[in-house]
Amino acid sequence: MTPSASLEQSNRFTHFCDLIAHNVSCERDDRILFENLSLTVQKGDLIQLVGPNGAGKTTLLRLMAGLNQDFQGEVHWHGENIQRCYQDYARQRLYIGHLSAIKKVLTPLENLRWFVSSWPEVKEADLWQALADVTLAGYEDVPCQQLSAGQQRRVALARLLVTPTPLWILDEPFTALDKEGVAWLEDQLARHVAAGGTVLITSHHALSDIPALRYIELGMHK
Amino acid sequence: MTPSASLEQSNRFTHFCDLIAHNVSCERDDRILFENLSLTVQKGDLIQLVGPNGAGKTTLLRLMAGLNQDFQGEVHWHGENIQRCYQDYARQRLYIGHLSAIKKVLTPLENLRWFVSSWPEVKEADLWQALADVTLAGYEDVPCQQLSAGQQRRVALARLLVTPTPLWILDEPFTALDKEGVAWLEDQLARHVAAGGTVLITSHHALSDIPALRYIELGMHK
Amino acid sequence: MSLVTATIKRDLVIAARNPGEWLNPLMFFLMVLALFPLAVDPDPNFLAKIAAGVVWVAALLSTLLSLDSLFKADVEDGTLEQWLASGESLYAMALGKAFTHWCISGLPLTIVAPLLALMMNLPENAYSALFFSLLLGTPILSLLGAVGAALTAGVRSGGLLLSLVILPLYTPILIFGASAVYHAGIEMEYLGQLGFLASFLCMAMTLTPFAVAGALKLNLSR
Amino acid sequence: MSLVTATIKRDLVIAARNPGEWLNPLMFFLMVLALFPLAVDPDPNFLAKIAAGVVWVAALLSTLLSLDSLFKADVEDGTLEQWLASGESLYAMALGKAFTHWCISGLPLTIVAPLLALMMNLPENAYSALFFSLLLGTPILSLLGAVGAALTAGVRSGGLLLSLVILPLYTPILIFGASAVYHAGIEMEYLGQLGFLASFLCMAMTLTPFAVAGALKLNLSR
Amino acid sequence: MYFDNFADFLAMGKHGFYVWLCYGITAVVIVVNIIAPMLQRKKLIEQQARLQRREKNNAS
Amino acid sequence: MWEALKRLYHRMGSPKWFYEISTRWLPWFAIPAGLCLIVGTVWGLAFAPADYQQGNSFRIIYIHVPAALLAQSAFAMMAMAGAVFLIWRMKMAAWVAASIAPIGASFCFLALITGAIWGKPTWGTWWVWDARLTSMLLLLFLYFGVMALQQAMDTEDNSAKAGAILSLVGLVNIPIIKYSVDWWNTLHQPATLTLTEKPAMATEMLIPLLIMIAGFYLLFATLVFLRTRNKILWHERKKSWVNKLIQTPAGRS
Ligand code: HEM
Ligand SMILES: Nc1ncnc2c1ncn2[C@@H]1O[C@H](COP(=O)(O)OP(=O)(O)OP(=O)(O)O)[C@@H](O)[C@H]1O
Ligand SMILES: Nc1ncnc2c1ncn2[C@@H]1O[C@H](COP(=O)(O)OP(=O)(O)OP(=O)(O)O)[C@@H](O)[C@H]1O
Ligand SMILES: [Mg+2]
Ligand SMILES: [Mg+2]
């Protein structure tokens, strides 16, 4: 990614509004995952949810993304409940979960093209560039079923480079990436928050020193 | 796991025979993954395959496990081609791949019981103990679909504690584990090789210092 | 290009890439037709009497079978999650999906049905009724089917559950469709039945997408 | 307990836990029987004539539909991989799987068929023939079906491919089964047909497991 | 020749349509079966030749 | 003796050898095939006498019967090639099987379509559920199933194996299907519309038929060669002998 591109992004992200969870509580199978949790996510934040397996990180992430409505409390975006202004909110955040939404019979390029179809301003050349950036140059036209686990993950992550959204919500994005890939992704996260973007992430991987990094610890309330 | 148990294992593993890959070569889609690779795995070895995404680690692992026959060269166990003595070989090695073979409607206990059904010497109490060791005590009777990603992984890994095989072949076993889980698994690996067992593993995670550790690096031959 | 058009295009590309997706329903249709004479009685006069009903039942069953995969793949690989995350209208997606399904299953079936009706010795004057009843009826089958497919998408062995949900909804269409053809065969008026089918189609087009959108959301909240 | 018995037991437990697995084929059977009078002609004498054939066609289709999931789940979640890794005989597993499938689909169907035949106004003296022909015929359907299911387990939208592969193989059984019932209905000898079914069953029991074992291996070598 | 004239030959009694249809379809099927692999072969060879040329250019 | 057989087997397994030998043999199949087909067609259409019952429509027999015979034997050949591939893992056999499938299916289709067209003037209907017709239709389905499987899996090797397994299962089943269908039709329905019993065919009718049968078999061999050669070229495209072949003008012809 060239500096000019991130500068441009930085301007674009000036309109980012706060994402605030007010006293959210969630229980599953009579076990309380978190209770009266409040969380404010602002421009330039990089927030990592940490906690042991089964602590409720994925659950909290999906709830903040507006994908899960099975909880108490409210999540506000720009002062409004995200379910109310869902369409606007959705255009401002990118959610990448465990499942990659990649069609195995299609090529990386075709998959990426589908991902960005809501953003008409994204150009075809950007897609090629993004695939090259995730070191998939030469694989643009290979059906995804023939890619290795890490390569498929990279296709999903190429979206980070092309969708112009200020808020990224990522669930264990480091899965299956090799060292170089991990370094690349950390770099992307750092650049994104530096450019005024915001990242909400779960990972068991310890992120290297990015100044904006904050932890939210979820414990096991047995 | 109590010290006495690992001592017992150490005796059990005296019959371990060398696993040797002779000049194996493998290509996928006209790209050579590795060529004339030879590899000797001996009692007490802990071998980690490393390399970038798509290098062929999974492929090599499956081939050494006897699950993939689409390659050139031979893999020998006790001086005999593994396909010839497959039944004996299979009883001496444990393979845990990307897919966990866990049935979502069954409970961890039921899943584990199925895994060990070929080893009649394993007792029911061992299974409960193993689940407790992977911090799933209390979840023994919860259907696996209600467990988080990391908890499901732990069910699969509980097999390490109960199947009495000297050779472990593990493909990215650290996926989805939290810090504590990672430490636990590293400890298990160290104990296993100390007790005379053998481990062949792929992981993008840097294993902490275990004396027996050796790396095999697979590169990208473009 | 909006996400809806992109999705329709993508699904058609996938169908073009595995031709099984649209050829198999056709083959199934043909084979069910072939089973009847084998099981019942190959006498041509007898077949002529049951032809209308059997062709319609076969069309219905073959649509039913191709429904199973309509949303399942999307749920499993995370595409649906991304749809919901995108904030675009699920109503439009439901319509788009039903349309793709009809292009892949109902349309080819309508085109070859008259040919296959030859084998069942359908009376000559019933051919146009067969064609038009299928042309109006199969889109209804796709639309109603989408409701069932959405409801059962997250369910293991949903294929059969799907048939349970859907078959009762299909019966009115079967009755009107088959009776149009039957009446045409004995030279009676059949425009009434076609009129009913046409009005069902309008209703289905406006109403079912709501149900589909609602059902799809159920698959996601976890 | 060997892995085969453990697997049979496990699959039966799973079936008991989602009753849909064995209830759905039954419901489908019922509904195809119900569709017929609606589509063709509800006149009881007419129905009596076609009853034998329609009951058998319905049985065949409902078996066919329940086949799809026979190996698919096992391939996808890695159970099959573990089977192969275990080194135990795939022949035994194939037999075991076909047996479970019969317990879940063929057996209940055989038991309720006489009841449903009432609805189709089947002649009274045909009931025992119906019962015994299904008792001998449905295991063959399961065995042959296992071949198709194994061949198509790794294939997306394999359900319909499966029918393409299997239906031609099913026709002899359909012919003998339906004609046994038909002949019993018109008070003719039908032991000959049952004899044929019995000898087919013996052949299928010895031969098909080889084909299944071979086909299952295909789904694994990658 | 069994037929008296060419018109008779074409008419084949009353069965000209059926006979000629059969022979026509057969001709089409056979020709397609011959042409298809030949075209495929041509395409294969051209494609391979192109690849070779490209590799040679890259090498030099 | 055994050694010679073994050598032959190894040679057969070598794509290069097969390619070269088929280059030499191809004309020896193609030219007689063309001759037989032309002679047989002209003789059958223009010179053979008309059938006293069916008139000229009977001339369809010169396509119908050879196609029907070939469709059945092609399936057996395909299954055999599949078995060789499964047992000895000889890739050549898989390619041959994959080449046979579409050709066999074409002939099966021809037998069906010519039969159907023939049925209209003789029986007054395009299709009846006669035993032979039905078993031919099922054979076509089997071909389709094999072809679908030969492309279904994610690697070519697996697809070939899947196709081979189904063709073997199908081969065991074909006699059963044929037998059961025969038996079914004769029982359900008195033989009002069976295929004409083979009359003691006049020699001037029989000879063109035999020529056509020979022509169809030779054509079949030619077609299998053509397709298999393409498969060889594709799979061996990295080998030096293919590269040489492509550079020589002869290879392009
Ligand atoms: C779709 C319709 C038809 C199909 C699928 C069909 C199929 C076959 C098959 C498979 C054979 C070869 C049997 C063998 O020797 O192995 C055959 C032979 C023959 N068919 Fe047909 N047939 C059809 C229609 C007809 C019709 C309409 C006629 C003429 C009335 C006819 C006349 C014959 C004759 C004369 C033979 C050669 C005699 C013999 O070998 O027994 N067929 N047909
Ligand atoms: N579908 C479900 N039904 C009921 N309970 C569930 C369901 N999914 C998850 N849970 C429960 O919710 C808890 C939190 O799950 P979640 O997936 O949020 O954990 P996590 O923090 O993401 O863990 P991991 O690090 O393993 O991914 C788990 O203890 C699990 O038992
Ligand atoms: N089914 C397949 N068909 C064709 N090629 C494949 C197939 N599966 C994998 N490959 C190719 O084989 C190569 C090696 O894949 P493999 O899964 O062994 O990589 P890996 O080293 O395990 O990578 P990762 O770290 O991403 O898991 C990849 O480049 C991939 O393109
Ligand atoms: Mg999680
Ligand atoms: Mg891997």
Side-chain angles (χ1 to χ4, degrees), chain A residues 28-31 33 49-62 97-99 108 134-139 141-155 157 171-172 174-185 202-206 215 217-220 222, chain B residues 28-31 33 49-62 97-99 108 134-139 141-155 157 171-172 174-185 202-206 215 217-220 222:
Chain A
R28 290 281 181 273
D29 285 324
D30 304 328
R31 203 163 55 76
L33 296 180
L49 302 181
V50 292
N53 290 138
K57 301 179 293 298
T58 300
T59 310
L60 181 58
L61 216 61
R62 290 175 60 85
H98 284 289
L99 301 171
V134 295
T135 66
L136 285 177
Y139 287 90
D141 287 329
V142 178
C144 283
Q145 72 210 136
Q146 291 177 18
L147 300 182
S148 77
Q151 287 169 324
Q152 290 187 22
R153 191 83 206 161
R154 281 156 188 267
V155 178
L157 292 176
D171 196 358
E172 312 237 6
F174 292 99
T175 306
L177 288 184
D178 56 13
K179 270 196 212 105
E180 189 201 321
V182 169
W184 173 85
L185 181 55
T202 74
S203 175
H204 296 299
H205 168 88
Y215 293 101
E217 181 117 17
L218 294 181
M220 291 286 264
K222 279 245 171 167
Chain B
R28 290 281 181 275
D29 284 326
D30 304 327
R31 203 163 57 76
L33 297 180
L49 302 181
V50 291
N53 290 137
K57 300 179 294 298
T58 300
T59 311
L60 180 59
L61 217 61
R62 288 176 60 86
H98 284 289
L99 301 171
V134 296
T135 65
L136 284 176
Y139 288 89
D141 286 330
V142 178
C144 283
Q145 71 211 135
Q146 291 178 19
L147 301 182
S148 78
Q151 289 169 323
Q152 289 185 24
R153 192 82 206 160
R154 282 156 187 266
V155 178
L157 291 176
D171 196 357
E172 310 238 8
F174 292 100
T175 305
L177 287 183
D178 56 14
K179 270 196 214 104
E180 189 201 321
V182 169
W184 173 84
L185 181 52
T202 74
S203 175
H204 295 301
H205 169 87
Y215 294 100
E217 183 120 18
L218 294 181
M220 292 286 260
K222 277 248 172 167

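For the numbers below, each heavy atom of this structure counts, side chains included, while hydrogens, waters and symmetry mates do not. The chains referred to below are lettered A, B, ... by the order of the sequence lines, with proteins before strands, and numbering in each begins at 1. Given the structure is predicted, the values throughout are model-derived calculations rather than measurements.
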For this session: Pick whichever of B:Gln146, B:Gln152, B:Lys179, B:Glu180 has the most heavy-atom pairs under 4.5 Å with chain A.
Result: B:Gln146
For this session: Measure distances from B:Ala206 to the heavy atoms of chain A and classify the residue's part below 4.5 Å as side chain, backbone, both or neither.
Result: neither
Problem set entry | OG on B:Ser148 to CZ on A:Arg28, rounded to 0.5 Å | 12.0 Å
Exercise. What heavy-atom pair brings A:Glu172 and B:Ala176 nearest, and what distance separates the two atoms?
Worked result: OE1-CA, 4.3 Å
Exercise. Between A:Asp178 (side chain) and B:Asn53 (backbone), is there a donor-acceptor pair under 3.5 Å?
Worked result: yes
Problem set entry | Interface moiety of B:Leu147 toward chain A, non-hydrogen atoms closer than 4.5 Å | neither
Seminar exercise, completed: Turns out that what part of A:Arg153 lies under 4.5 Å from chain B's heavy atoms comes down to neither
Exercise. From A:His205 NE2 over to B:His204 NE2, what is the distance, rounded to the nearest 0.5 angstrom?
Worked result: 12.5 Å
